[in-house]
Colleague: 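Questions regarding the structure given below will be posed in turn.
Letters go in sequence order (proteins before strands), and every chain restarts at 1.
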Amino acid sequence: MINAVDVSVRIGGSLLVDRVSLQLHAGEVLVLVGPNGAGKSTLLAAMAGDLPPSTGDVLLDGVSLARWRHVDAARRRAVLPQHNPVAFPFDVRSVVEMGRAPWQGTPEEDEDDDVVTTALRDTGVEHLADRAHPTLSGGEQARVALARVLAQSTPVLLLDEPTAALDLRHQELVLSLARRRARDGGAVLVVLHDLTLAAAHADRVAVLDGGALVATGPPQDVCTAELLSDVYRHPVEVFPHPRTGMPVVLPVRSREE
Amino acid sequence: MTADIAVRLGNAREHRRTKVIALFAGLTAALVIVSIASAGAGQYGMPVTDVLRALTGQELADPYAEGVLWSVRFPRVVMSLLVGATLGVCGALMQGTFGNPLAEPGVVGVASGAAVGACVSIVFGLTFLGAFTTPGIAFATGLITTLSVYALSRSNGRTGTVSMILTGVAVNAVAGALVALLMFVGDQSAREQIVFWQLGSVAGARWPYVWVVLPLAALTALVALATARRLDLLSLGDRQARHLGVNVERVRLVVTCAVAVGVSAAVSYAGIIAFVGLVVPHLVRIVMGPGHLVLVPASLLGGAVLLASADLLARTVVSYADLPIGMVTALVGGPFFFWLLRRTRTTAGGWA
């Protein structure tokens with residue numbers, strides 16, 4: 001649904017994304033991992049159309065992003081950036097309702113209330129609906145931002161570290177929401193730092209290092225001790241989970257007495 | 001359970017609708033009352049009944065009073081309403097497009113640019129447009145200054161909020177220096193005129209001026225109402241607004257032009273009236289919350305009420321003196337605003 005073809009992004013002389021080709025298919029959760037500064041957010045921004053690629057192109061439904069009207073693109077894909085401040089003290093429901101803006105004046109507008117209520121419930125912020133946004137905790141604000149993105153009701157979701165501020169229950173909640181979207185025919189790209197979380201929920205994992213794509217594939221194939229130790233420049237252990245068999249990824253830890 | 005939520009939501013919306021109607025009814029009533037009181041008050045005082053008779057087209061017993069009303073008071077009241085409405089609406093627009101509660105039309109250099117033009121006209125005694133010369137030049141330079149701030153702050157086809165505000169700071173500094181230079185160059189009487197122009201006043205308003213400002217103010221108001229809904233999305237940030245389908249660059253350009261036109265027109269006649277553009281949207285937000293669909297029209301009415309009241313005060317507080325209106329708005333409004341901010345910060349969470 002989104003197709004990055006040979007994309008490079010150069011900002012102020014430094015090459016942040018280096019000739020990456022990555023295809024996000026309908027029905028899959030694709031998790032993007034990599035060390036700090038690997039270019040994950042930059043690649044996501046390029047795939048969202050925020051940064052024009054200096055080489056290559058990003059296609060949404062086969063058409064170059066540059067040729068999409070803003071509103072039409074907003075009905076196809078929603079984006080959750082890392083930071084989502086709200087400038088004025090809107091209440092939570094109003095913030096989530098803003099996610100419905102692209103559908104204003106279309107028949108889908110009639111579903112606004114239901115979609116917003118569902119998004120509030122799915123992200124577990126229903127009880128905060130009347131609170132002013134600045135009075136929420138960081139994790140609550142992060143879930144409100146996610147609710148807004150879900151309310152946009154787009155088949156494609158691009159989520160930049162949606163779990164960064166969340167406790168473990170809500171991390172699982174967010175990724176099962178992503179899985180559900182994919183199962184319903186959507187396409188979800190998620191940037192994550194937690195490799196075990198990535199391995200557990202991803203259909204495919206893409207590993208970025210130094211702006212370049214070093215591996216893509218199913219978690220079992222990509223999450224190997226060798227590859228990850230190399231990419232993260234730190235020894236990494238990978239072992240199958242005793243019950244599910246999914247890879248569990250941990251850094252090698254030594255406690256020097 | 002879902003039905004329960006729907007009912008609760010319905011009730012909340014009903015409640016808000018009542019509140020919105022009450023606010024607009026209250027503002028409209030205040031507008032009418034202040035305008036009529038203002039038309040009757042002044043050195044040549046006259047009872048409200050006379051004002052009402054004149055407004056309904058009846059002749060007054062005192063022909064002099066009728067003359068005062070129609071040629072001095074009414075245009076002055078209308079001008080104060082127009083200028084106040086424009087400043088209020090433009091404040092809401094600026095704060096909305098910049099997603100910054102500190103923004104006001106001054107940050108993009110409208111007022112200081114207009115001041116340079118007005119000073120040039122005063123110092124060099126330009127008269128090629130007759131009585132319209134000073135406001136005409138002020139309008140042009142205000143517009144040029146704002147558009148150049150916009151153009152200078154663009155890079156890679158995008159305008160960053162911070163770069164625009166900083167460019168505004170630089171341009172304001174240059175404009176301030178030019179005004180200082182012109183005051184230095186000008187003679188005694190020019191200096192005096194400049195000082196009073198900068199203090200702001202709607203004292204000299206006449207119908208021809210009103211007819212010039214009216215369409216420009218109306219244009220600004222229409223643009224403001226048309227963009228109100230998109231301003232909500234801009235408070236999420238440029239990137240987020242773009243993801244939601246807003247053409248952020250176009251909205252910002254349109255809004256900047258509207259503010260430039262409206263405020264240049266207002267300032268060119270009334271001089272620099274600080275504070276209205278900053279405060280009115282804040283007051284509305286305290287009462288109604290930040291949604292721009294209500295904020296923009298309420299700021300329009302609120303600005304009009306505030307400036308008309310300030311003008312009434314300016315003319316009546318000290319007998320036989322016409323105080324500068326900019327001074328009145330800041331002197332009375334400043335402490336009041338501070339008190340309100342303190343109060344809402346402790347009770348409602350206030351601003352982040």
Side-chain angles (χ1 to χ4, degrees), chain A residues 11 45 48-52 68-91 93-95 97-105 112-114 116-118 120-121 126 129-136 141 144-145 148-149 151-152 154 158 160, chain B residues 1-6 8-10 12-13 15-16 92 95-103 156-158 161 229-251 281-282 284-286 289-295 344-345 347-352:
Chain A
I11 295 178
D50 294 337
L51 295 171
W68 279 79
R69 278 176 58 211
H70 288 68
V71 179
D72 293 332
R75 290 175 191 160
R76 293 295 297 164
R77 62 98 183 90
V79 187
L80 180 75
Q82 265 182 45
H83 302 288
N84 293 283
V86 177
F88 297 103
F90 283 94
D91 63 59
R93 177 169 268 278
S94 304
V95 173
E97 278 170 352
M98 290 179 200
R100 298 299 297 165
W103 301 103
Q104 197 201 330
D112 281 4
D113 282 348
D114 290 341
V116 169
T117 304
T118 309
L120 287 167
R121 189 188 309 134
E126 206 176 8
D130 297 324
R131 288 264 297 276
H133 189 269
T135 65
L136 305 184
Q141 290 186 349
V144 170
R148 168 176 64 73
V149 167
Q152 207 172 328
T154 55
L158 306 176
D160 196 352
Chain B
M1 186 180 155
T2 321
D4 182 45
I5 293 170
R8 240 180 39 214
L9 193 60
R13 291 212 173 122
H15 176 70
R16 180 167 166 81
Q95 292 172 12
T97 35
F98 286 112
N100 188 329
L102 294 177
N156 296 329
R158 284 182 182 174
T161 299
R229 194 184 278 269
R230 268 163 293 177
L231 293 184
D232 279 354
L233 302 179
L234 281 178
S235 59
L236 298 172
D238 288 8
R239 246 185 110 181
Q240 286 83 345
R242 215 171 280 126
H243 297 151
L244 285 166
V246 179
N247 190 337
V248 176
E249 275 316 299
R250 204 173 61 199
V251 170
H282 279 282
V284 176
R285 251 184 242 113
I286 287 171
H292 287 87
L293 228 41
V294 172
L295 180 67
T344 48
R345 216 170 51 201
T347 57
W351 284 267

Colleague: With a 4.5 angstrom heavy-atom cut-off, could you sort out which part of B/R230 is near chain A: side chain, backbone, both or neither?
Modeller: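 It is neither, since no heavy atom gets under 4.5 Å.
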
Colleague: Please classify the contact of A/R148 with chain B as side chain, backbone, both or neither, using a heavy-atom distance under 4.5 Å.
Modeller: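 The side chain, not the backbone.
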
Colleague: Under 4.5 Å heavy-atom distance to chain B, tell me which part of A/V149 shows up: side chain, backbone, both or neither.
Modeller: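 A/V149 has no heavy atom closer than 4.5 Å to chain B.
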
Colleague: Atom CG in A/N84, atom CZ in B/R239: separation rounded to 0.5 Å?
Modeller: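 Result: 8.5 Å between the selected atoms.
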
Colleague: Give, for atom CG of A/D50 and atom NE2 of B/H243, the distance between the pair rounded to the nearest 0.5 Å.
Modeller: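 If I round to the nearest 0.5 Å, the distance is 3.0 Å.
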
Colleague: Taking all atoms of both residues into account, what is the closest heavy-atom pair of B/L244 and A/A101, and its distance?
Modeller: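 Here B/L244 and A/A101 meet closest at O-CB, 4.5 Å.
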
Colleague: Is it the backbone or the side chain of A/H83 that comes under 4.5 Å from a heavy atom of chain B, or both, or neither?
Modeller: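 Contact with chain B is through the backbone of A/H83 alone.
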
Colleague: Checking A/R93 against chain B: side chain, backbone, both or neither under 4.5 Å from a heavy atom?
Modeller: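 Side chain only.
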
Colleague: Does any heavy atom of chain A fall under 4.5 Å from the side chain of B/L9, the backbone, both, or neither of them?
Modeller: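 It is the side chain, since no backbone atom gets that close.
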
Colleague: For a quick test of reading the model, state the closest non-hydrogen atom pair linking A/H70 to B/R242 and the distance between them.
Modeller: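 Answer, listing the atom of A/H70 first, then B/R242: CD2-CG, 3.6 Å.
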
Colleague: Indicate the atoms forming the closest heavy-atom contact of A/F88 with B/S235, along with that distance.
Modeller: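 That closest heavy-atom pairing would be CD1-CB, 3.8 Å.
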
Colleague: Under the rule for salt bridge (Lys or Arg N to Asp or Glu O under 4.0 Å), what residues qualify as partners of A/D130, not counting sequence neighbours?
Modeller: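 Testing A/D130 for salt bridge (Lys or Arg N to Asp or Glu O under 4.0 Å), a comparison that skips the adjacent residues, returns none.
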
Colleague: Under a 4.0 Å N-O cut-off, is there an ion pair linking B/R13 with A/D113?
Modeller: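 Looking at A/D113 together with B/R13, the answer is yes, because their closest N to O distance falls below 4.0 Å.
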
Colleague: Quick one: CZ on A/F90 to CG on B/L236, what's the gap to the nearest 0.5 Å?
Modeller: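 Reported to 0.5 Å precision, the distance equals 7.5 Å.
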
Colleague: Tell me the closest heavy-atom pair linking B/G245 and A/A74, and the distance in Å.
Modeller: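 Between these two residues, the closest heavy atoms are N-CB, 3.4 Å.
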
Colleague: Looking at B/D232 and A/M98, what are the two nearest heavy atoms and their distance?
Modeller: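 Heavy-atom minimum between the residues: O-SD, 3.7 Å.
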
Colleague: For chain B, which candidate among A/P102, A/A129, A/S94, A/G99 shows the most heavy-atom pairs at distances under 4.5 Å?
Modeller: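 Between A/P102, A/A129, A/S94, A/G99, the count favours A/P102.
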
Colleague: Sort A/A45 into side chain, backbone, both or neither according to what part of it lies under 4.5 angstrom from a heavy atom of chain B.
Modeller: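 Answer is both: backbone and side chain atoms of A/A45 are under 4.5 Å from chain B.
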
Colleague: For B/G99 and A/A87, which heavy atoms make the closest approach, and how far apart are they?
Modeller: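 Where B/G99 meets A/A87 most closely, the heavy atoms are O-CB, 3.2 Å.
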
